[in-house]
Amino acid sequence: MTEFLAAAQAAARLGGAILQEWSRKFTAREKSPANLVTEADLASEEAIAGYLLERFPDHQMLGEESLNRTGNSPFRWIIDPLDGTSNYVHRFPYYAVSIGLEEAGELIAGAIYDPNRDEMFAAAKGQGATLNGESIRVSDESLLANAMCMASLPVKADRTHVAVRKFLNALEAAQSVQRSGSAALNLCSVACGRIEAFWSNSLKPWDMAAGVLIVREAGGAVTNTSGTLFDVNIPDLLATNGAGLHGELVDVLTRES
Ligand code: IPD
Ligand code: CA
Ligand code: CA
(Lines give C-alpha, C1' and ligand atoms only; values in the text may rest on other atoms or scores of the structure.)
(Ligands and ions follow the chains in the order given, each with its own letter.)
Protein backbone atom coordinates (compact mmCIF):
# COMPACT_ATOMS: atom_id res chain seq x y z
CA MET A 1 0.00 0.00 0.00
CA THR A 2 2.81 2.42 0.92
CA GLU A 3 4.27 1.90 -2.52
CA PHE A 4 0.93 2.64 -4.23
CA LEU A 5 0.28 5.77 -2.19
CA ALA A 6 3.80 7.08 -2.74
CA ALA A 7 3.45 6.46 -6.49
CA ALA A 8 0.06 8.21 -6.62
CA GLN A 9 1.51 11.27 -4.88
CA ALA A 10 4.66 11.35 -7.00
CA ALA A 11 2.61 11.03 -10.20
CA ALA A 12 0.20 13.77 -9.08
CA ARG A 13 3.13 16.08 -8.31
CA LEU A 14 4.62 15.30 -11.71
CA GLY A 15 1.33 16.17 -13.42
CA GLY A 16 1.04 19.37 -11.35
CA ALA A 17 4.50 20.53 -12.43
CA ILE A 18 3.54 19.99 -16.06
CA LEU A 19 0.34 22.02 -15.63
CA GLN A 20 2.31 24.94 -14.20
CA GLU A 21 4.90 24.69 -16.97
CA TRP A 22 2.17 24.83 -19.64
CA SER A 23 0.26 27.63 -17.90
CA ARG A 24 2.21 30.31 -19.75
CA LYS A 25 1.87 28.83 -23.25
CA PHE A 26 -1.21 26.59 -23.61
CA THR A 27 -3.96 26.90 -26.19
CA ALA A 28 -7.50 25.69 -25.54
CA ARG A 29 -10.09 23.99 -27.73
CA GLU A 30 -13.61 22.70 -27.14
CA LYS A 31 -14.12 18.90 -26.96
CA SER A 32 -17.84 19.68 -26.96
CA PRO A 33 -19.61 23.01 -26.30
CA ALA A 34 -17.94 24.72 -23.30
CA ASN A 35 -16.02 21.51 -22.46
CA LEU A 36 -12.38 22.59 -22.82
CA VAL A 37 -9.10 20.75 -23.23
CA THR A 38 -5.55 22.10 -23.48
CA GLU A 39 -2.09 20.73 -24.26
CA ALA A 40 -1.59 20.72 -20.48
CA ASP A 41 -4.36 18.13 -19.91
CA LEU A 42 -2.75 15.85 -22.50
CA ALA A 43 0.86 16.33 -21.39
CA SER A 44 -0.05 15.77 -17.73
CA GLU A 45 -1.94 12.56 -18.54
CA GLU A 46 0.89 11.23 -20.69
CA ALA A 47 3.49 11.87 -17.98
CA ILE A 48 1.32 10.33 -15.22
CA ALA A 49 0.54 7.24 -17.31
CA GLY A 50 4.22 6.82 -18.22
CA TYR A 51 5.28 7.09 -14.57
CA LEU A 52 2.71 4.58 -13.32
CA LEU A 53 3.18 2.12 -16.20
CA GLU A 54 6.91 1.96 -15.60
CA ARG A 55 6.22 0.85 -12.00
CA PHE A 56 3.07 -1.20 -12.50
CA PRO A 57 3.15 -2.48 -16.09
CA ASP A 58 0.20 -4.86 -15.72
CA HIS A 59 -2.21 -2.46 -13.95
CA GLN A 60 -5.37 -1.19 -15.67
CA MET A 61 -5.73 2.55 -16.24
CA LEU A 62 -8.57 4.90 -16.96
CA GLY A 63 -7.79 8.54 -17.70
CA GLU A 64 -10.03 11.33 -18.91
CA GLU A 65 -8.22 12.22 -22.11
CA SER A 66 -7.07 9.12 -23.96
CA LEU A 67 -6.25 6.46 -21.43
CA ASN A 68 -8.21 3.23 -21.26
CA ARG A 69 -5.93 0.31 -20.52
CA THR A 70 -7.74 -2.89 -19.62
CA GLY A 71 -6.33 -6.27 -18.54
CA ASN A 72 -6.51 -8.97 -15.90
CA SER A 73 -4.93 -7.09 -13.01
CA PRO A 74 -7.32 -6.31 -10.11
CA PHE A 75 -5.72 -2.85 -9.88
CA ARG A 76 -7.09 0.10 -11.85
CA TRP A 77 -5.74 3.65 -11.71
CA ILE A 78 -8.36 6.37 -12.31
CA ILE A 79 -6.75 9.60 -13.44
CA ASP A 80 -7.85 13.18 -14.03
CA PRO A 81 -4.70 14.92 -15.28
CA LEU A 82 -6.31 18.37 -14.83
CA ASP A 83 -9.52 18.78 -12.87
CA GLY A 84 -10.73 22.33 -13.35
CA THR A 85 -9.73 22.92 -16.97
CA SER A 86 -12.12 25.84 -17.33
CA ASN A 87 -10.51 27.55 -14.31
CA TYR A 88 -7.06 26.78 -15.73
CA VAL A 89 -7.92 28.34 -19.07
CA HIS A 90 -9.16 31.52 -17.34
CA ARG A 91 -6.12 31.56 -15.02
CA PHE A 92 -8.34 31.15 -11.97
CA PRO A 93 -6.02 29.19 -9.64
CA TYR A 94 -8.36 26.43 -8.50
CA TYR A 95 -7.50 23.21 -10.28
CA ALA A 96 -5.71 19.97 -9.44
CA VAL A 97 -4.44 16.56 -10.52
CA SER A 98 -6.46 13.62 -9.20
CA ILE A 99 -5.25 10.01 -9.08
CA GLY A 100 -7.20 7.17 -7.47
CA LEU A 101 -6.46 3.45 -7.29
CA GLU A 102 -9.02 0.65 -7.11
CA GLU A 103 -8.39 -2.97 -6.22
CA ALA A 104 -11.15 -5.27 -7.47
CA GLY A 105 -13.49 -2.31 -7.74
CA GLU A 106 -12.76 -0.93 -4.27
CA LEU A 107 -11.02 2.43 -3.81
CA ILE A 108 -7.80 1.82 -1.85
CA ALA A 109 -5.55 4.85 -2.46
CA GLY A 110 -5.86 8.39 -3.72
CA ALA A 111 -3.87 11.58 -4.16
CA ILE A 112 -5.04 15.03 -5.25
CA TYR A 113 -2.42 17.73 -5.82
CA ASP A 114 -3.16 21.46 -5.99
CA PRO A 115 -0.05 22.98 -7.61
CA ASN A 116 -1.05 26.58 -6.83
CA ARG A 117 -1.12 26.08 -3.08
CA ASP A 118 1.37 23.21 -3.08
CA GLU A 119 -1.23 21.12 -1.24
CA MET A 120 -1.07 17.34 -1.48
CA PHE A 121 -4.17 15.54 -0.20
CA ALA A 122 -3.79 11.78 0.15
CA ALA A 123 -5.47 8.74 1.66
CA ALA A 124 -5.08 4.99 1.85
CA LYS A 125 -7.92 2.71 2.84
CA GLY A 126 -8.03 2.22 6.61
CA GLN A 127 -5.09 4.58 7.19
CA GLY A 128 -6.72 8.03 7.36
CA ALA A 129 -6.30 11.08 5.17
CA THR A 130 -3.57 13.70 5.10
CA LEU A 131 -2.78 17.17 3.77
CA ASN A 132 0.95 17.64 3.18
CA GLY A 133 1.55 14.70 5.51
CA GLU A 134 -0.57 16.00 8.40
CA SER A 135 -3.70 14.14 9.40
CA ILE A 136 -6.98 15.84 8.37
CA ARG A 137 -10.59 15.55 9.53
CA VAL A 138 -13.96 16.80 8.35
CA SER A 139 -15.67 19.67 10.21
CA ASP A 140 -18.04 18.97 13.09
CA GLU A 141 -20.80 21.37 12.00
CA SER A 142 -24.07 19.50 12.14
CA LEU A 143 -26.63 22.06 10.91
CA LEU A 144 -27.22 22.73 7.23
CA ALA A 145 -28.23 26.30 8.13
CA ASN A 146 -24.61 26.90 9.25
CA ALA A 147 -22.96 24.95 6.42
CA MET A 148 -20.94 26.06 3.41
CA CYS A 149 -21.67 23.72 0.51
CA MET A 150 -20.50 23.32 -3.07
CA ALA A 151 -22.20 21.80 -6.08
CA SER A 152 -21.11 20.91 -9.61
CA LEU A 153 -23.62 21.71 -12.32
CA PRO A 154 -23.40 20.30 -15.85
CA VAL A 155 -21.70 22.64 -18.33
CA LYS A 156 -24.31 24.74 -20.10
CA ALA A 157 -27.13 23.63 -17.75
CA ASP A 158 -30.12 25.88 -18.45
CA ARG A 159 -32.48 27.32 -15.82
CA THR A 160 -34.93 24.42 -16.19
CA HIS A 161 -32.29 21.75 -15.52
CA VAL A 162 -33.00 19.57 -12.47
CA ALA A 163 -29.49 20.27 -11.13
CA VAL A 164 -30.29 23.99 -11.11
CA ARG A 165 -33.52 23.36 -9.17
CA LYS A 166 -31.58 21.31 -6.60
CA PHE A 167 -29.00 24.08 -6.36
CA LEU A 168 -31.72 26.68 -5.68
CA ASN A 169 -33.42 24.48 -3.09
CA ALA A 170 -30.09 24.02 -1.30
CA LEU A 171 -29.44 27.76 -1.50
CA GLU A 172 -32.51 28.34 0.64
CA ALA A 173 -31.54 25.70 3.20
CA ALA A 174 -27.76 26.10 3.63
CA GLN A 175 -25.74 29.08 4.81
CA SER A 176 -24.12 29.24 1.36
CA VAL A 177 -23.80 27.16 -1.82
CA GLN A 178 -20.86 27.77 -4.16
CA ARG A 179 -19.79 26.46 -7.56
CA SER A 180 -16.03 26.31 -7.90
CA GLY A 181 -15.02 24.44 -11.07
CA SER A 182 -13.00 21.61 -9.50
CA ALA A 183 -14.84 18.61 -8.11
CA ALA A 184 -11.60 17.04 -6.87
CA LEU A 185 -10.68 20.11 -4.81
CA ASN A 186 -14.24 20.40 -3.51
CA LEU A 187 -13.94 16.86 -2.13
CA CYS A 188 -10.60 17.79 -0.53
CA SER A 189 -12.26 20.86 1.00
CA VAL A 190 -14.91 18.62 2.59
CA ALA A 191 -12.17 16.29 3.84
CA CYS A 192 -10.16 18.99 5.60
CA GLY A 193 -13.15 20.81 7.05
CA ARG A 194 -13.09 23.95 4.89
CA ILE A 195 -16.64 23.21 3.70
CA GLU A 196 -19.32 20.82 4.91
CA ALA A 197 -20.76 19.30 1.72
CA PHE A 198 -20.38 18.76 -2.02
CA TRP A 199 -22.76 17.10 -4.48
CA SER A 200 -23.19 16.53 -8.19
CA ASN A 201 -25.14 14.44 -10.67
CA SER A 202 -22.83 15.04 -13.61
CA LEU A 203 -19.38 13.76 -12.67
CA LYS A 204 -17.18 11.07 -14.17
CA PRO A 205 -15.14 8.41 -12.27
CA TRP A 206 -11.91 10.43 -12.65
CA ASP A 207 -13.53 13.51 -11.01
CA MET A 208 -14.52 11.50 -7.93
CA ALA A 209 -12.33 8.42 -7.31
CA ALA A 210 -9.44 9.84 -5.28
CA GLY A 211 -11.55 12.47 -3.53
CA VAL A 212 -14.20 10.03 -2.36
CA LEU A 213 -11.58 7.94 -0.55
CA ILE A 214 -9.99 11.08 0.93
CA VAL A 215 -13.38 12.23 2.32
CA ARG A 216 -14.16 8.79 3.77
CA GLU A 217 -10.74 8.46 5.37
CA ALA A 218 -11.13 11.95 6.88
CA GLY A 219 -14.28 10.76 8.66
CA GLY A 220 -16.85 12.04 6.16
CA ALA A 221 -19.77 10.28 4.50
CA VAL A 222 -20.19 9.57 0.77
CA THR A 223 -23.49 8.32 -0.66
CA ASN A 224 -25.53 9.12 -3.72
CA THR A 225 -27.87 12.13 -3.47
CA SER A 226 -30.68 9.79 -2.38
CA GLY A 227 -28.61 8.73 0.63
CA THR A 228 -27.88 5.18 -0.56
CA LEU A 229 -24.79 3.35 -1.83
CA PHE A 230 -22.31 5.44 -3.87
CA ASP A 231 -20.86 3.89 -7.05
CA VAL A 232 -17.90 5.65 -8.71
CA ASN A 233 -19.20 4.63 -12.15
CA ILE A 234 -22.54 6.41 -11.63
CA PRO A 235 -22.78 10.23 -11.69
CA ASP A 236 -24.61 10.67 -8.40
CA LEU A 237 -22.53 11.89 -5.45
CA LEU A 238 -23.17 13.47 -2.07
CA ALA A 239 -20.09 13.94 0.13
CA THR A 240 -20.40 15.59 3.53
CA ASN A 241 -18.79 15.76 6.94
CA GLY A 242 -21.10 12.89 7.91
CA ALA A 243 -23.00 14.86 10.52
CA GLY A 244 -26.76 15.38 10.67
CA LEU A 245 -26.67 17.75 7.72
CA HIS A 246 -26.08 14.74 5.40
CA GLY A 247 -29.68 13.63 5.96
CA GLU A 248 -30.92 17.21 5.71
CA LEU A 249 -29.26 17.53 2.31
CA VAL A 250 -30.69 14.21 1.08
CA ASP A 251 -34.15 15.62 1.90
CA VAL A 252 -33.42 18.88 0.09
CA LEU A 253 -31.84 17.23 -2.97
CA THR A 254 -34.62 14.67 -3.41
CA ARG A 255 -37.44 17.21 -3.06
CA GLU A 256 -39.79 17.03 -6.03
CA SER A 257 -40.17 20.80 -6.49
C1 IPD B 1 -14.85 19.31 -14.31
C2 IPD B 1 -14.78 19.83 -12.90
C3 IPD B 1 -16.04 20.59 -12.56
C4 IPD B 1 -17.28 19.75 -12.77
C5 IPD B 1 -17.32 19.20 -14.19
C6 IPD B 1 -16.04 18.41 -14.49
P7 IPD B 1 -12.65 18.95 -15.82
O8 IPD B 1 -13.71 18.53 -14.63
O9 IPD B 1 -14.61 18.80 -11.96
O10 IPD B 1 -16.03 20.98 -11.20
O11 IPD B 1 -18.42 20.54 -12.56
O12 IPD B 1 -18.44 18.34 -14.33
O13 IPD B 1 -16.09 17.95 -15.81
O14 IPD B 1 -13.39 18.87 -17.11
O15 IPD B 1 -12.16 20.30 -15.50
O16 IPD B 1 -11.63 17.87 -15.67
CA1 CA C 1 -12.52 16.54 -13.99
CA1 CA D 1 -9.92 16.89 -16.61
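Indexing begins at 1, ligand by ligand and atom by atom, following the structure's order. Side chains included, hydrogens not; waters and symmetry mates left out as well; all remaining heavy atoms used.
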**Item:** Numbered atoms of ligand 1 (with element) below 4.0 Å of D80, judged on heavy atoms
**Value:** 16 (O)
**Prompt:** Which residue holds the protein heavy atom closest to atom 5 (C) of ligand 1, what is that atom called, and what is the gap in Å?
**Reply:** L203 CD2, 4.2 Å
**Prompt:** Does the shortest distance from the Ca ion (ligand 3) to an N/O/S atom of P81 fall below 3.0 Å?
**Reply:** no
**Request:** State plainly whether the residues R69 and E45 are in salt-bridge range, i.e. N to O under 4.0 Å.
**Result:** no
**Asked** Just distances here: any N/O of N35 and N/O of ligand 1 closer than 3.5 Å?
**Response** no
**Fill in**
the Ca ion (ligand 3) has as its nearest N, O or S atom from D80 the atom OD1
**Message:** If we count only N and O atoms by modelled type, under 3.5 Å, do the side chains of Y94 and D83 hold a donor and an acceptor together?
**Reply:** no
**Request:** For ligand 1, note which part of D83 has a heavy atom under 4.0 Å away: side chain, backbone, both or neither.
**Result:** both
**Asked** Which N/O/S atom belongs to E64 and is the closest one to the Ca ion (ligand 3)?
**Response** OE1
**Item:** Pairwise distance CD1(I18) to CG(L82) - rounded to 0.5 angstrom
**Value:** 11.5 Å
**Asked** Is a side-chain donor-acceptor pair under 3.5 Å present for S202 with S200?
**Response** yes
**Item:** Ligand-residue contact atoms, ligand 1 with S182, heavy atoms, under 4.0 Å
**Value:** 10 (O)
**Structural part of L36 in contact with ligand 1, heavy atom criterion under 4.0 angstrom** = neither
**Prompt:** Which ligand 1 atoms, with their elements, are less than 4.0 angstrom from a heavy-atom of G84?
**Reply:** 7 (P), 15 (O), 16 (O)
**Asked** Among protein heavy atoms, which sits nearest to atom 14 (O) of ligand 1, and what does the distance come to when rounded to 0.1 Å?
**Response** E64 OE2, 4.0 Å
**Fill in**
closest protein heavy atom to atom 4 (C) of ligand 1 is S152 OG, 3.6 Å
**Prompt:** Any luck finding a side-chain donor-acceptor pair between N68 and Q60 under 3.5 Å?
**Reply:** no
**Item:** Residue T85 vicinity, atoms of ligand 1 by number, heavy atom under 4.0 Å
**Value:** 15 (O)
**Flag for S182-N87: side-chain donor and acceptor within less than 3.5 Å** = no
**Message:** What's the separation between atom CD1 in I234 and atom NZ in K204, rounded to the nearest 0.5 Å?
**Reply:** 13.5 Å
**Fill in**
Checking heavy atoms under 4.0 Å, the part of K204 that sits near ligand 1 is neither
**Asked** What protein heavy atom sits nearest atom 6 (C) of ligand 1, and how far away is it?
**Response** D207 OD1, 4.0 Å
**Prompt:** Does the ring centre of Y88 sit less than 6.0 Å away from the ring centre of W22?
**Reply:** no
**CG-CD distance between L107 and E102, expressed to the nearest 0.5 angstrom** = 5.5 Å
**Message:** With respect to the Ca ion (ligand 2), please indicate if D207 possesses an N, O or S atom at a distance under 3.0 Å.
**Reply:** yes
**Asked** Just by distance, with hydrogens left out, do E196 and S139 show a side-chain donor and acceptor under 3.5 Å apart?
**Response** yes
**Message:** Within the 4.0 Å heavy-atom shell around G181, which atoms of ligand 1 are there?
**Reply:** 2 (C), 3 (C), 10 (O)
